[in-house]
Amino acid sequence: MATFGKTVLLRVLVLILVLCCSWSDAYSLKHRKFDQIYQLGDSISDTGNLILENPNTRFSHLPYGKSLSKAPTGRCSNGLLMIDYFALDARLPLLNPYLNKNASKNHGVNFAVAGATALPFELLLTKNLSSFSTNSSLDHQLSWMLSHFSTICRNQIECRNKLRNALFIVGEIGGNDYNFALLMGRTFQEIKDMVPDVVQTIKRVVEKVISHGATRVIVPGNIPIGCFPLFLTIFQTNDTTAYDEHRCLKDLNALAIYHNHQIKRVIKELRNENPRTIILYGDYYNAFRWILCRASNLGFDEDSLQKSCCGIGGDYNFDLKNICGPEVPVCPNPNDHISWDGVHLTQNAYKFMAHWLIDDIVPKLRCIV
Ligand SMILES: *[C@@H]1O[C@H](CO)[C@@H](O)[C@H](O)[C@H]1NC(C)=O
Ligand SMILES: *[C@@H]1O[C@H](CO)[C@@H](O)[C@H](O)[C@H]1NC(C)=O
Ligand SMILES: *[C@@H]1O[C@H](CO)[C@@H](O)[C@H](O)[C@H]1NC(C)=O
Ligand SMILES: *[C@@H]1O[C@H](CO)[C@@H](O)[C@H](O)[C@H]1NC(C)=O
């Protein structure tokens with residue numbers, strides 16, 4: 001009888017555990033009680049660093065930010081980005097850019113800079129590559145982060161305490177290293193050869209972040225760049241076998257998959273090396289694919305899935321000589337487009353991706369250990 005009672009109790013306990021780790025817990029970051037978010041990355045996440053670094057970029061002018069009530073914020077979209085939706089979901093204020101010295105940094109900081117690369121810009125220069133907009137590569141952003149930490153805590157123990165409930169997002173980063181190489185005419189093989197260096201650079205930064213006290217880190221992969229109007233235009237071909245079922249370019253998506261594969265492998269290594277830290281893969285690739293697959297259900301215009309909203313010309317409403325800016329037309333309803341300017345996504349696409357990612361990540365934030 002006692003054994004029977006114990007067995008039942010055990011089953012109930014297991015059931016409760018299973019439930020708590022699955023559907024019973026609403027999928028929201030707010031339940032994870034983060035008090036800060038730290039973001040490193042590029043234009044997918046920049047909420048204003050680049051335009052403070054350089055006020056003359058396209059991103060500091062309308063139509064960027066057109067769907068927000070304020071003037072452009074430096075976000076490379078018509079409105080909000082995924083990081084904004086993560087912050088909102090965690091019930092935290094939107095992340096301020098590091099370079100805005102006046103802004104509150106009590107709930108984390110955004111170090112991402114549009115145009116940033118994973119590889120140090122000095123190294124890219126030796127390969128005859130460079131960013132078109134910034135030298136603030138990932139190592140540079142890391143040094144910003146460390147100098148920020150030195151202002152909020154005095155020693156390792158204090159920093160660990162301070163960062164115990166912080167969420168760190170390292171990426172997406174590395175996409176620009178490949179984008180710039182592609183735009184400068186490098187071959188696919190040359191670009192594939194860059195991947196191990198890019199991924200190791202990201203790994204080293206994650207290690208640093210963990211050594212400073214991060215307990216939960218998301219490392220996002222790359223988006224299917226073969227679906228971007230920019231590359232669809234540059235690599236447009238009559239060879240129908242070059243395209244997949246979504247009419248995206250297979251070779252370019254394969255490059256993103258190759259990078260993502262290595263990121264996932266490095267995450268496994270990092271988990272083995274840091275068993276007490278939760279390190280998760282941010283599956284931006286499949287979040288994007290999900291939008292493509294469900295586009296019409298989500299309210300996107302089937303005929304515009306590969307067209308840039310802000311842009312003009314060609315089959316993809318995109319022209320390298322006439323990219324999105326003050327003089328370039330904007331589609332009447334940005335919400336029915338996935339691509340905002342040929343490279344970056346609309347607020348609506350970012351919103352759906354963020355929600356897909358929250359559903360994917362929140363359950364793992366507690367249960368992975
Ligand atoms: C910070 O505040 C100063 C003084 O009020 C102001 O001149 C400056 O423009 C502000 N900087 C930013 C980035 O908002
Ligand atoms: C770098 O680019 C310049 C100008 O395009 C070219 O002249 C030079 O040979 C290149 N160097 C290397 C190492 O590829
Ligand atoms: C980046 O660094 C290079 C070399 O030091 C410099 O020439 C260039 O102006 C810098 N670019 C930006 C955007 O700061
Ligand atoms: C595709 O074929 C058409 C008709 O033969 C030709 O006009 C066009 O330039 C080709 N496009 C590309 C990208 O090769």
Side-chain angles (χ1 to χ4, degrees), residues 37-68 70-88 92-105 107-119 121 130-145 148 167-177 179-180 202 205 218-220 222-223 225 228 230 282 284 310 323-325 339-347 349-351 353-354 357:
I37 302 179
Y38 290 98
Q39 167 83 59
L40 298 104
D42 58 22
S43 57
I44 290 185
S45 321
D46 184 358
T47 55
N49 284 311
L50 179 69
I51 67 165
L52 288 168
E53 231 176 53
N54 176 5
N56 298 321
T57 76
R58 298 185 283 128
F59 310 125
S60 22
H61 303 285
L62 288 171
Y64 285 89
K66 179 177 185 294
S67 308
L68 298 173
K70 300 179 274 184
T73 57
R75 288 170 173 80
C76 301
S77 180
N78 58 310
L80 299 176
L81 309 178
M82 284 188 275
I83 180 60
D84 296 313
Y85 290 104
F86 296 154
L88 290 168
L92 293 174
L94 301 188
L95 284 196
N96 283 314
Y98 175 70
L99 294 179
N100 183 348
K101 300 295 175 202
N102 303 338
S104 159
K105 310 229 160 55
H107 294 284
V109 186
N110 193 339
F111 302 98
V113 185
T117 52
L119 294 174
F121 88 94
S130 64
S131 164
F132 296 142
S133 60
T134 181
N135 289 338
S136 302
S137 40
L138 188 58
D139 56 330
H140 201 88
Q141 296 178 27
L142 179 69
S143 70
W144 286 350
M145 180 182 270
H148 171 71
L167 174 64
F168 287 78
I169 309 178
V170 182
E172 175 282 326
I173 188 80
N176 284 330
D177 303 57
N179 294 345
F180 297 140
I202 295 171
V205 168
I218 296 173
V219 188
N222 206 351
I223 287 177
I225 57 173
F228 285 8
L230 164 72
Y284 287 14
C310 176
I323 45 184
C324 181
S339 184
W340 162 243
D341 61 3
V343 181
H344 308 103
L345 310 189
T346 57
Q347 164 176 294
Y350 281 139
K351 184 187 80 184
M353 278 184 71
L357 285 157

Hey, do the aromatic rings of W144 and H140 have their centres closer than 6.0 Å?
yes

Residues in ring-ring contact (aromatic ring centres under 6.0 Å, His included) contact with [X], at least two apart in sequence or another chain:
| X | result |
| --- | --- |
| F111 | Y98 |
| H107 | none |
| F180 | F132 |
| Y350 | none |

With sequence neighbours left out, the residues meeting side-chain contact (heavy atoms from CB on, under 4.5 Å) with Y85 are L80, L88, Q347, K351, A354

The side-chain contact (heavy atoms from CB on, under 4.5 Å) partners of P63 (sequence neighbours excluded) come to K66, C310, C324, V330, W340

Work out which heavy atom in [X] is nearest to a heavy atom in [Y]; give both atom names and the distance.
| X | Y | answer |
| --- | --- | --- |
| G48 | D46 | N-OD1, 2.6 Å |
| S339 | G342 | OG-N, 3.0 Å |
| G171 | Y284 | O-OH, 4.3 Å |
| N100 | L52 | N-CD1, 3.4 Å |
| K105 | K101 | NZ-CA, 4.0 Å |
| L40 | A112 | C-CB, 4.1 Å |

Hits for salt bridge (charged side-chain N to carboxylate O under 4.0 Å, His left out) against D177, two or more places apart or cross-chain, chain-then-number order -> none

Checking S77 against R75: is there a side-chain donor and acceptor pair closer than 3.5 Å? no

For the [atom1] atom of [X] and the [atom2] atom of [Y], what is their distance to the nearest 0.5 Å?
| X | Y | atom1 | atom2 | result |
| --- | --- | --- | --- | --- |
| F86 | I218 | CZ | CD1 | 6.5 Å |
| I173 | T117 | CD1 | OG1 | 6.5 Å |
| N49 | F59 | CG | CZ | 13.5 Å |
| S104 | N96 | OG | CG | 6.0 Å |
| N54 | N135 | CG | CG | 11.0 Å |
| S136 | L50 | OG | CG | 8.0 Å |

Which residues pass the side chain to side chain donor-acceptor pair (under 3.5 Å) test with [X], not counting sequence neighbours?
| X | result |
| --- | --- |
| S45 | Q39 |
| Y64 | R58, D341 |
| S67 | N78 |
| N110 | T47 |

- Task: Any chance you could lay out the side-chain contact (heavy atoms from CB on, under 4.5 Å) test for I223 and E172, step after step, and finish with the verdict?
- Result: CA-CA 9 Å; I223 287 177; E172 175 282 326; 5.8 Å; no

Worksheet item: Counting only N and O atoms by type, is there a donor-acceptor contact under 3.5 Å from the side chain of S137 to the main-chain atoms of F121?
Response: yes

Distance-only, no hydrogens or angles: does the S131 side chain make a donor-acceptor pair with backbone N or O of G115 under 3.5 Å? yes

Residues at least two apart in sequence or cross-chain that pass disulfide (SG to SG under 2.5 Å) with C76, listed by chain then number, are none

Looking at side-chain heavy atoms only, is the closest gap between I37 and I169 below 4.5 Å? yes

